[in-house]
Participant: 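The following block contains the structure, expressed as structure tokens.
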Protein chains: 2
Amino acid sequence: MNVRTLCLSILYDSEASGYDIRRMCTEGNFAYFVEASYGSIYPALAKLEDDGLVASRTELQEGKPARKVYSITDAGRSAFAAELSEPLGEDMFRSPFLLFARFAHILPRDLVEQRCNEFLQRSQDGLKQLDGAPDEHNCTPADMWVINYGRAVLQVAEQHFRTHMHELITMARAEPQKDAAE
Amino acid sequence: MNVRTLCLSILYDSEASGYDIRRMCTEGNFAYFVEASYGSIYPALAKLEDDGLVASRTELQEGKPARKVYSITDAGRSAFAAELSEPLGEDMFRSPFLLFARFAHILPRDLVEQRCNEFLQRSQDGLKQLDGAPDEHNCTPADMWVINYGRAVLQVAEQHFRTHMHELITMARAEPQKDAAE
DNA sequence: ACTTGCATGTAAGTGGTTACATGATTGG
DNA sequence: CCAATCATGTAACCACTTACATGCAAGT
């Protein structure tokens, strides 16, 4: 999923500026799929306009910089549909935490405990993000389907982790004698 | 998780050639975290050797090309542990399929059905890969912990998908009249 | 006075993939 | 005879990130 496709997917339902797109894919429920930086979004939008897949209009605002609002064209819609019709790339999951976990036994216990707590926190935050916001009025049924799938998966992930994290902590190296020689 | 760290993590428990590493991270239970190509593995190993974090020895074989077997050094072990002790990057999940699913309503039904079946198949394959192979004798407890976590998550993912995929299919655009006028 | 938010964009750098180059052996 | 497996490596290319450049307004 390149940034180009990400932009088309967001513009499919509503117009937006580069800035909007960035926010949607870092905060909104698009964070799911991709996260893109300004450095990739702005050039992608410019190229999409060159190719005639999106059109732009500059919106002046009082007290704020002008926004360049992009909207998808008919050509853009069919290009996007065509792209989705091609064979899909494989889903992928990259977990620095799980690599860390595999080596719990060579790491100090307090570090493992700390990282576990951080991970639990992030799991809970992710879940909360999916629980908040989305409702029938601002989401299509397909959107809801995706959100529910995500929710189901994140829920067990969080639950499993919560009930098994202590095992991971006990595997960790016992504290390397802190200077608590009281 | 860059390829450099991937190599160190694999070499931590046993020596291996670049070729071995490639196989382990595409087939083995390392596929979990990263997937790397030869074009990144070989240069990474060379650089690790330059830095003194791994050592190599050339193993001649009859009827097969020579293998360059790498093993981790003490410096490598501590460098790896140091890397794991730094703040972890965020886990991430990229799903071309979920993007596809969000747009089920604009896509032809038979395509959606096909992609759903493919996705189900891949889910089941992924699960089978985790169920096979790993046992106490070739895995550390931490390895088993990670595998069990993955198993728990993949299991509900597959189960949820299997019971809800038909909803997604019914959202898809009705067939654009095939020439089956029998 | 300073930071934060809004807003757009570029240039340099990074971390990878794809394709290529090479070559021997085994199995269909 | 051709394809696949084993095995190492390089070069060209790509997508994306980071950091930079700019600037104004509102809140602290």
Side-chain angles (χ1 to χ4, degrees), chain A residues 1-11 15-28 30-31 33-51 54 56-70 83 87 89-90 92 94 96 99, chain B residues 1-11 15-28 30-31 33-51 54 56-70 83 87 89-90 92 94 96 99:
Chain A
M1 269 337 71
N2 50 15
V3 176
R4 200 183 153 83
T5 312
L6 169 73
C7 290
L8 286 179
S9 79
I10 290 179
L11 295 175
E15 34 177 51
S17 66
Y19 192 82
D20 294 334
I21 291 175
R22 159 76 189 183
R23 268 192 346 204
M24 290 171 102
C25 74
T26 49
E27 299 158 33
F30 286 86
F33 314 113
V34 209
E35 194 159 330
S37 62
Y38 294 126
S40 57
I41 291 171
Y42 286 120
L45 286 170
K47 226 220 143 212
L48 284 169
E49 189 166 24
D50 276 356
D51 297 349
V54 304
S56 74
R57 126 183 85 82
T58 302
E59 218 171 60
L60 296 164
Q61 301 174 112
E62 269 189 72
K64 281 181 187 174
R67 287 159 39 84
K68 201 162 163 188
V69 180
Y70 290 90
E83 219 156 331
E90 276 197 61
M92 65 161 156
R94 289 292 136 85
L99 176 63
Chain B
M1 270 336 69
N2 50 17
V3 175
R4 200 183 153 82
T5 312
L6 169 73
C7 290
L8 286 180
S9 79
I10 290 179
L11 294 175
E15 33 176 51
S17 65
Y19 192 84
D20 292 335
I21 291 175
R22 159 76 187 183
R23 268 192 345 204
M24 291 172 101
C25 75
T26 49
E27 300 159 33
F30 287 86
F33 315 113
V34 209
E35 194 158 327
S37 61
Y38 293 126
S40 57
I41 292 171
Y42 285 120
L45 286 170
K47 225 217 144 215
L48 284 168
E49 190 166 23
D50 277 357
D51 297 349
V54 303
S56 74
R57 126 183 84 83
T58 302
E59 216 170 62
L60 296 163
Q61 302 174 112
E62 269 190 73
K64 282 182 188 174
R67 289 158 38 84
K68 202 164 165 188
V69 179
Y70 290 89
E83 219 156 332
E90 277 198 60
M92 66 160 156
R94 289 293 133 86
L99 176 62

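These values consider heavy atoms only, across backbone and side chains, with no hydrogens, waters or symmetry-generated copies. Quick note on labels: first sequence line is chain A, next is B, and so on, each numbered from 1.
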Participant: Quickly work out the A/Y70 OH to C/dA7 C1' distance and round it to whole Å.
Facilitator: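 Value for this atom pair: 12 Å.
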Participant: Could you check whether B/A36 gets within reach of a base, just the sugar-phosphate, or nothing at all, counting any heavy atom under 4.0 Å?
Facilitator: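 Sugar-phosphate only.
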Participant: With a cut-off of 6.0 Å (strictly less than), are more than 12 heavy atoms of other residues, nucleotides or ligands near CD of A/E90?
Facilitator: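 No, CD of A/E90 has 12 or fewer neighbouring heavy atoms, counting only those of other groups under 6.0 Å.
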Participant: Nearest whole angstrom, please: distance from the P of D/dT17 to the CD of B/E90.
Facilitator: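 In whole Å, D/dT17 P and B/E90 CD are 13 Å from each other.
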Participant: Between D/dC6 atom C1' and B/R23 atom CZ, what is the distance in whole Å?
Facilitator: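 Value for this atom pair: 9 Å.
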Participant: Go through A/R67 and A/D20 one step at a time and tell me if the side-chain contact (heavy atoms from CB on, under 4.5 Å) criterion holds.
Facilitator: CA-CA 10 Å; A/R67 287 159 39 84; A/D20 294 334; 3.1 Å; yes
Participant: Please give, in whole Å, the distance from C/dT10 P to A/I41 CD1?
Facilitator: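 Going from A/I41 (CD1) to C/dT10 (P), I get 14 Å.
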Participant: Once you apply a heavy-atom cut-off of 4.0 Å, does B/A46 come out as touching a base, just sugar-phosphate, or nothing?
Facilitator: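 Nothing, no nucleic acid heavy atom in range.
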Participant: Can a side chain N or O of B/S37 be found less than 4.0 Å away from OP1 or OP2 on C/dT17?
Facilitator: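 The answer is yes; a side-chain N or O of B/S37 sits under 4.0 Å from OP1 or OP2.
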Participant: Distance check: side-chain N/O of B/S40 vs OP1/OP2 of C/dT17, anything under 4.0 Å?
Facilitator: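 Yes, because at least one side-chain N or O of B/S40 sits under 4.0 Å from OP1 or OP2 of C/dT17.
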Participant: Counting side-chain heavy atoms from CB outward, which of C/dA7, D/dT8, C/dG23 is closest to A/Y42?
Facilitator: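 Selected nucleotide (nearest to the side chain): C/dA7.
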Participant: Within this structure, what is the NZ-to-P distance between B/K47 and C/dG16, rounded to whole angstrom?
Facilitator: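 One finds 12 Å between P of C/dG16 and NZ of B/K47, rounded.
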Participant: Heavy-atom count check: over 12 atoms from other residues, nucleotides or ligands less than 6.0 Å from B/E59 CD?
Facilitator: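 For B/E59, atom CD is crowded (more than 12 foreign heavy atoms under 6.0 Å).
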Participant: Can you check the B/E59 CD to D/dC6 P distance for me, whole Å?
Facilitator: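 For the pair B/E59 CD and D/dC6 P, the rounded distance is 15 Å.
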Participant: Let me see the working for A/L99 and B/L6 under side-chain contact (heavy atoms from CB on, under 4.5 Å), right down to the final yes or no.
Facilitator: CA-CA 9 Å; A/L99 176 63; B/L6 169 73; over 6 Å; no
Participant: At less than 4.0 Å, is any side-chain N or O atom of B/Q61 found next to OP1 or OP2 of D/dA7? Yes or no.
Facilitator: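 For B/Q61, the contact criterion (side-chain N or O under 4.0 Å from OP1 or OP2 of D/dA7) is met.
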Participant: Let me confirm one number: the OH-CG distance from B/Y70 to B/L11, rounded to the nearest 0.5 Å.
Facilitator: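 Reported to 0.5 Å precision, the distance equals 9.5 Å.
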Participant: Using whole Å, what does the distance between atom C1' of nucleotide C/dT25 and atom CZ of B/R67 come to?
Facilitator: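 From B/R67 CZ to C/dT25 C1': 16 Å.
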Participant: Measure from the side chain of B/S17, starting at C-beta and using heavy atoms only, and say which of C/dG23, C/dT8, D/dT8 lies closest.
Facilitator: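 Per side-chain heavy atoms of B/S17, the pick is D/dT8.
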Participant: Counting heavy atoms from C-beta on, name the nucleotide in D/dT8, D/dC6, C/dT10 closest to the side chain of B/K64.
Facilitator: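 Of the candidates, D/dC6 comes closest.
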Participant: Tell me the interatomic distance from B/K68, atom NZ, to D/dT10, atom C1', rounded to whole angstroms.
Facilitator: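 So the two atoms are 13 Å apart, to the nearest Å.
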Participant: The side chain of B/P43 is closest to which nucleotide in this list: C/dT10, D/dT10, C/dG23?
Facilitator: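 So the nucleotide nearest the side chain must be D/dT10.
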Participant: Does the side chain of A/Y38 get closer than 4.0 angstrom to OP1 or OP2 of C/dG9 through an N or O atom?
Facilitator: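 No, because none of the side-chain N or O atoms of A/Y38 sits under 4.0 Å from OP1 or OP2 of C/dG9.
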